[in-house]
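Throughout, protein chains are lettered first and strands after them, A, B, ... in sequence-line order, and every chain is numbered starting at 1.
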There are 2 protein chains.
Amino acid sequence: MSIVPIYRQDLRHPQAQVCASCGVRQFAIFGVLDDAGLDRIHAHIASMDVAPDRPLFSRGERGAAVYTVRSGVVRFERVTERGDRRIVRLAGRGDLIGPEVLLHRPYADDAVACTAVQLCRIPRTLVDELGQGETALLRELMQRWQRALDDAEAWLADLATGPARRRVLRLLVKLGEHADGSGLTWLPRREEIGDMLDMTIETASRLISQLRREGVLELVGARGVRLHMAALLQAVRREDAL
Amino acid sequence: MSIVPIYRQDLRHPQAQVCASCGVRQFAIFGVLDDAGLDRIHAHIASMDVAPDRPLFSRGERGAAVYTVRSGVVRFERVTERGDRRIVRLAGRGDLIGPEVLLHRPYADDAVACTAVQLCRIPRTLVDELGQGETALLRELMQRWQRALDDAEAWLADLATGPARRRVLRLLVKLGEHADGSGLTWLPRREEIGDMLDMTIETASRLISQLRREGVLELVGARGVRLHMAALLQAVRREDAL
DNA sequence: CGAGCCGTTGAGGGGATTCAAGCTCAGTGG
DNA sequence: CCACTGAGCTTGAATCCCCTCAACGGCTCG
């Protein structure tokens, strides 16, 4: 986990304009601030890289920062009382991670990088200060919260319902939302698919193989898939039509 | 759905001090306001009653109000693309319903009363105005959002995981949280249990009957249960211990 | 009293799990 | 260079849980 401070004092510094020109600025929490607002905060924000399968934080931990995802995919996990893992949500580019620390609460989930992940680390105190004056910032925060809630409910309705094949297909659709231009995206390990969809690794494997044979997807390397969206969407529709 | 305005101008009016003395005030969104703050808003807040199985609002509808639950249980539903209903969350006393309208968004779910429900109806514009000055109110709002998010994820981890018997047991535990003093609480119809736990009404019925025979619960009237918590919690533990 | 809804229970079949055996492939060290 | 190893993936066979289909009983209500 490497941390790089983002300097902006010296505008000629190569990283000087990182925040202002950040590609995800429009998606990120500080998108509502003008350049002057950014000037007040840039020095406190750090850029971070997290390697696949590395944890960002753990449930119960009392953190002092929230994060914005610049690139990559992060998963939120919980351990059920039976002792097995359940993945309850994914976050991608532009999503806010760990807003509960702004309320001085411990993190609600384990957060783990799925792919290589780039983050902006935002100290809690920074948001506390800004929140005094900037109502717009608070509104933006509420937007994020609502989006997360919506994602959670959609996950429940889409990925926790119906037979295994249907759940896998819907997961693929959701993974497709994080794909790059060519439809190439991250494919979880079979065990992770199992923890997302509440099924065994064998069932997950059988279904992925079956969909590969049907031409819905193509495995690319160890952790990659190329989704053939036409075939995928058709398969989903066929599944939903009874 | 009956609506009763809450007056406070005339302190001798029987409903005059409803807001100030409201039993759920500490749980509700305006708990952070002092009496002076309450004075500015009470005239705009209406008390509402909703009968069981009556809708509060529908997904996609552009509402102009949020609600606080004073008593009763409300469920949030979605219709999956396959066309069947999925209940994604419950809300009880003190919970905030429909905060997405504060962001000028349509309601995210269908909301339906499970039991008889008492609500406070709070117009969006009121929160908008207050939000300008009262940062404390915005913070309180964020608390609600985070709680809802946490509930949604807990629902996923608890009620969408594992074999049917386990899911029913955990649902009973969750329903027990909304119970009155004597352990008497609302029991969903078999069909509703099915929509919560993704199982058929037959499976739900079999398991409820089985638990009744085991002495975990007692049916009381059409929609009531008395939970025997000791036996229930023991059954849950036995389930989790493999 | 019949109609309709809701809940219960049974029998049979199907889909997912369990148990088990190979397979692929990257990394390691002889 | 290549066997060796282990983790992850695949596939098969048997079992079991849950769904499907079906019949029936209790209850309310017109």
Give each protein N/O atom lying under 3.5 Å from an N/O atom of nucleotides 25-30 of chain D, with the pair distance.
none

Between the protein and nucleotides 8-12 of chain C, list the N/O to N/O atom pairs that are separated by less than 3.5 angstrom.
residue, atom, partner, partner atom, Å
C:dT8, OP2, B:R190, NE, 2.8
C:dT8, OP2, B:S205, OG, 2.9
C:dT8, O5', B:S205, OG, 3.4
C:dT9, OP1, B:R213, NH1, 3.3
C:dT9, OP2, B:S209, OG, 3.2
C:dT9, OP2, B:R213, NH1, 3.3
C:dG10, N7, B:R206, NH1, 2.9
C:dG10, O6, B:R206, NH2, 3.1

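The line from CG of B:L90 to CG of B:D95 is 9.5 Å long, rounded to the nearest 0.5 Å. Residue A:S71 holds its OG atom at 4.0 Å from CD of A:Q118, rounded to the nearest 0.5 Å. In this structure, the separation between OG1 on A:T161 and CZ on B:R78 is 11.0 Å, given to the nearest 0.5 Å. The OG1 atom of A:T185 sits 10.0 Å away from atom CD of A:E177, with the distance rounded to the nearest 0.5 Å. Taken from NE2 in A:H228 to CZ in A:R212, the straight-line distance is 12.5 Å, to the nearest 0.5 Å. To the nearest 0.5 Å, atom CH2 of residue B:W145 and atom CG of residue A:L141 are 10.5 Å apart.
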Exercise for review: Summarise protein proximity over nucleotides 21-27 of chain C in one line of letters, 5' to 3': B for base, S for sugar-phosphate only, - for none, counting protein heavy atoms closer than 4.0 Å.
Suggested key: -------

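Note on A:T200: every side-chain N or O is 4.0 Å or more away from OP1 and OP2 of C:dA16.
Between the CZ atom of A:R189 and the C1' atom of D:dT10 there is a distance of 16 Å, given to the nearest Å. The distance from atom CE of B:M199 to atom P of C:dA16 is 16 Å, rounded to the nearest whole Å. Summarising the geometry, the separation between CZ on B:R167 and P on D:dC17 is reported as 14 Å, rounded to the nearest angstrom. Here C:dA16 presents its C1' atom at 13 Å from CG of B:D198, a figure rounded to the nearest Å. In this structure, B:E192 atom CD and C:dC5 atom P are separated by 16 Å, rounded to whole Å. Between B:E191 atom CD and C:dG4 atom P there is a gap of 18 Å when expressed in whole angstrom units.
Remark: the A:R70 side chain and the A:S47 side chain contain an N/O donor-acceptor pair separated by less than 3.5 Å.
If you check every strand for non-hydrogen atoms under 4.0 Å, A:R223 touches sugar and phosphate atoms only.
With respect to the salt-bridge test (charged N to carboxylate O, under 4.0 angstrom), the residues B:R89 and A:E153 qualify. With respect to the salt-bridge test (charged N to carboxylate O, under 4.0 angstrom), the residues B:R75 and B:E192 qualify. Ion pairing between A:R170 and A:E239 fails under the 4.0 Å rule for side-chain N and carboxylate O.
Screening A:T80, A:D195, A:D110 against A:R85 for a side-chain hydrogen bond (donor to acceptor under 3.5 Å, both in side chains) leaves a single residue, A:D195.
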